[in-house]
Novice: 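Quick one: the structure is below, questions incoming.
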Amino acid sequence: MSTLFLENARVIDPAAGTDRQANLLIRAGKIAAIDPSEVPADAQRHDLSGKIAVPGLIDLHVHLREPGGEEDESIESGTLAAVAGGFTSIACCPNTQPPLDTQASVELVRQLSLRARHCRVYPLCCISKNREGNELAELGVLFAAGAAGCTDDGAPVADAELMRRAMEYTLMFDKPILSHAESLPLDKGGVMHEGLVSLELGLRGMPAAAEDIMVSRDIHLAEITGARLHIMHVSTEGAVAAIRRAKKRGVSVTAEVTPHHLTLTDESLRSFDSNFKMNPPLRSARHVEACVNGLLDGTIDAISTDHAPHAREKKIREINVAPFGIIGLETALPLMIEKFISSGLMTWPQLIEKMSVNPSRILGINKGSLAVGADADVTVIDPETEWTLTEDAIHSKSCNTPWLGRRFRGRAVMTVVDGEVRYKI
Amino acid sequence: MSASAETWGAPPAEWTRSHLLGLETLSKEEITLLLDTAERFRGEVLENPLGTGRKIPLLAGRTIVNLFFENSTRTKTSFGLAGRRLGADVVEFAAATSSLSKGETIIDTAQNILAMGVDAVVVRHSCPGTPHILSRRLEHCSVLNAGDGTHEHPTQALLDILTIRRRFGRIEGLTVALVGDIAHSRTARSDIYGLKKLGAKVIVCGPSTLVSQGWQKLGVEYSYSLDAILPRVDVFNLLRIQFERQVVRPFPSIREYALLYAMNAQRLAACKKDVLIIAPGPINRGVEITPEVADGPQSAILDQVTNGVAVRMAALWLTLSAGRKNSK
């Protein structure tokens, strides 16, 4: 195992309250020392002047597609995209084929990710068998096999009693239950956010109420069960308000928001480009503002990508049949630098809290720290480098992103996982 | 004397668009130019008493493909007739089903057609925006929207507006009510955009599950009661209930709908004396309109059909002429 010496970086460790120029010594997969008086002769030295070293970024919401959807993404390509985007740990969703509802499928994902040797992968398992919302999956077995939490993701549990039981059952394992909060009947046939733009375009709408209702339901269930509820991809003003109220009265609820819900509105759909079709849909400016404010005031804990790769032949279909979702692992950090750091809305430590410290806490994986003795997962960011997003530059198998051709400033330039340099430009 | 290609004159320089995708993006002047051109085609070509004179070979040698992914009788026939009256070759592309159920994507289909050397594609598709996507993919080929899902149907709106203008001599200041399934109507959207640009007042009227209050924010009045608006409306456009587009059933029964919204003799009696009744067709007799109204003197439903050919001739001539200019 290599020894690394990262010198002259601006080291930001929000958990320790650190933000200063420092040198990091990494040995045997751990942070061995900060500003050591002696550097071992065998240490691989990296001069990081002008760059920022932060605890490795963590994405709570990634679709790796394997097994079953290898035309869209594989564990190899998805985890490579993750380290290229600066993520050292990701949680992956169970909506694969077969879904992650058996010990074997969870172990498969873990084994393939170890073999890929890019980032750490924390599989999320299903709540219900086959994500059908009828009976509980064997959560105890699945957690023992390595699942970090459970969710039926895009097939949200419709039966409130089953959801309540699932929450109660997770208590004894102390694992989070993640909710894609959507009332499916209200969104049936929907393509975009329901509002003036959908009215004008004649595209069937998905009302904000479809999200608000399920967020409220799950909050009430978390309140009576005490489960660790995590609301995925919050996109509405109502959801932000409900989570804010719940946190005030002590409900154990956390929440995430995606870069696209923080930066794009339903106006984008006027292009009829399916790269603006996602679920939850891009909402109107009022909702985007509410999400930004929710993130700034701590109502929303984390930024997650909902990285949803889809092969080109699927996404170029007509907008009403094209699948929902865009890739996000390689654009999240630059977009968030632009949105929050360049604008002055957040400090660097605040952004790293949302992208590393808080996601670690939500998953309960003891990461998000650069303290001596911590696992050596480090993301090195060059905040000044300018680059353009092109298909050739994308490591994911799919290129379904609305930001192709866009110029960015800032990105991850080196990603260290478990004490090894897993990505570097 | 019959009109001829020699004496017809050059296409107007003011028209620069090689596609006709919708009325939302057109200016008042562009819509008026389309209407004036259609009026001229109607007067000088379509109403020419000599059979041979009903053709003017302004688009001789050009090829137009009818690409209909949804069933259509009148629009397809009307476009076909319009193209032939202009001397173009019109080909039907047998797209009985949308690419939804086939392996081929719409882009593949379009590229195939383009490879055949086509000058214009008239496209109808169940998905909003499909003509727009096509227009971005097809170089040197005009795209005309013959209805994209529940979004727009520009030539239908143009023929509606031409029919109204021929009856009243103007659009400005008129009150036009669109009655029925507004939510699922592409004609309603195009009518709204076109009529408002030309200065009409538009009311959308129908069951509250099919009439969004959001239209108010776009400068359109809404009403759930047909009876309440009868005396102050100049033109009623009676839209068909689009059962095939409805994801959920928006009202309890057709009977109940007809009781509330059918234009019948009794309701007609409460209207202005010179009220004009139009309908995009195919009409459901007994649902949105009763036979005595459909066939009565206030109805211009058949006049609309004739205007449809004229409007499509204008659309084809203008877009194809601009396309040729743009590609040079």
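A, B, ... follow the sequence lines: proteins, then strands. Residue 1 opens every chain. Basis for what follows: all heavy atoms, side chains included, without hydrogens, waters or symmetry-related copies.
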Novice: If you round to the nearest 0.5 Å, how far is CZ of A:F272 from CG of B:L21?
Specialist: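 B:L21 CG to A:F272 CZ: 9.5 Å, rounded to 0.5 Å.
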Novice: Distance from A:L203 atom CG to B:D148 atom CG, nearest 0.5 Å?
Specialist: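 Those atoms lie 9.0 Å apart.
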Novice: Roughly how far, to the nearest 0.5 Å, is the CZ atom of A:R317 from the OG1 atom of B:T130?
Specialist: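 The OG1 atom of B:T130 sits 11.5 Å away from the CZ atom of A:R317.
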Novice: Quick one: what part of A:E200 sits under 4.5 Å from any heavy atom of chain B, side chain, backbone, both or neither?
Specialist: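 Both parts, backbone and side chain.
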Novice: Give me the atom names and distance for the closest heavy-atom approach of B:G214 to A:L199.
Specialist: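 Minimum heavy-atom separation between B:G214 and A:L199: C-CD2, 3.7 Å.
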Novice: Has A:R270 got more than 12 heavy atoms of other residues, nucleotides or ligands less than 6.0 Å from its CZ?
Specialist: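 More than 12 within 6.0 Å, yes.
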Novice: Output the distance between atom CG (A:D273) and atom CD1 (B:I133), rounded to the nearest 0.5 Å.
Specialist: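 Reported to 0.5 Å precision, the distance equals 6.0 Å.
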Novice: Which heavy atom of B:R189 sits nearest a heavy atom of A:L201, and at what distance?
Specialist: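 What the structure gives for the nearest pair is NE-C, 4.5 Å.
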Novice: Could you tell me the separation between the CZ atom of B:R136 and the OG atom of A:S271, rounded to the nearest 0.5 Å?
Specialist: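 Spacing of CZ (B:R136) from OG (A:S271) equals 6.0 Å.
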Novice: Side chain, backbone, both or neither: which part of B:E24 has an atom under 4.5 Å from a heavy atom of chain A?
Specialist: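 For B:E24, the contact with chain A is made by the side chain alone.
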Novice: Please flag which part of B:R186 lies under 4.5 Å from any non-hydrogen atom of chain A: side chain, backbone, both or neither.
Specialist: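 Contact with chain A involves no heavy atom of B:R186 at all.
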Novice: Of all the heavy-atom pairs spanning A:G202 and B:P128, show the shortest one and how long it is.
Specialist: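 Heavy atoms only, the tightest pair is O-CG, 3.5 Å.
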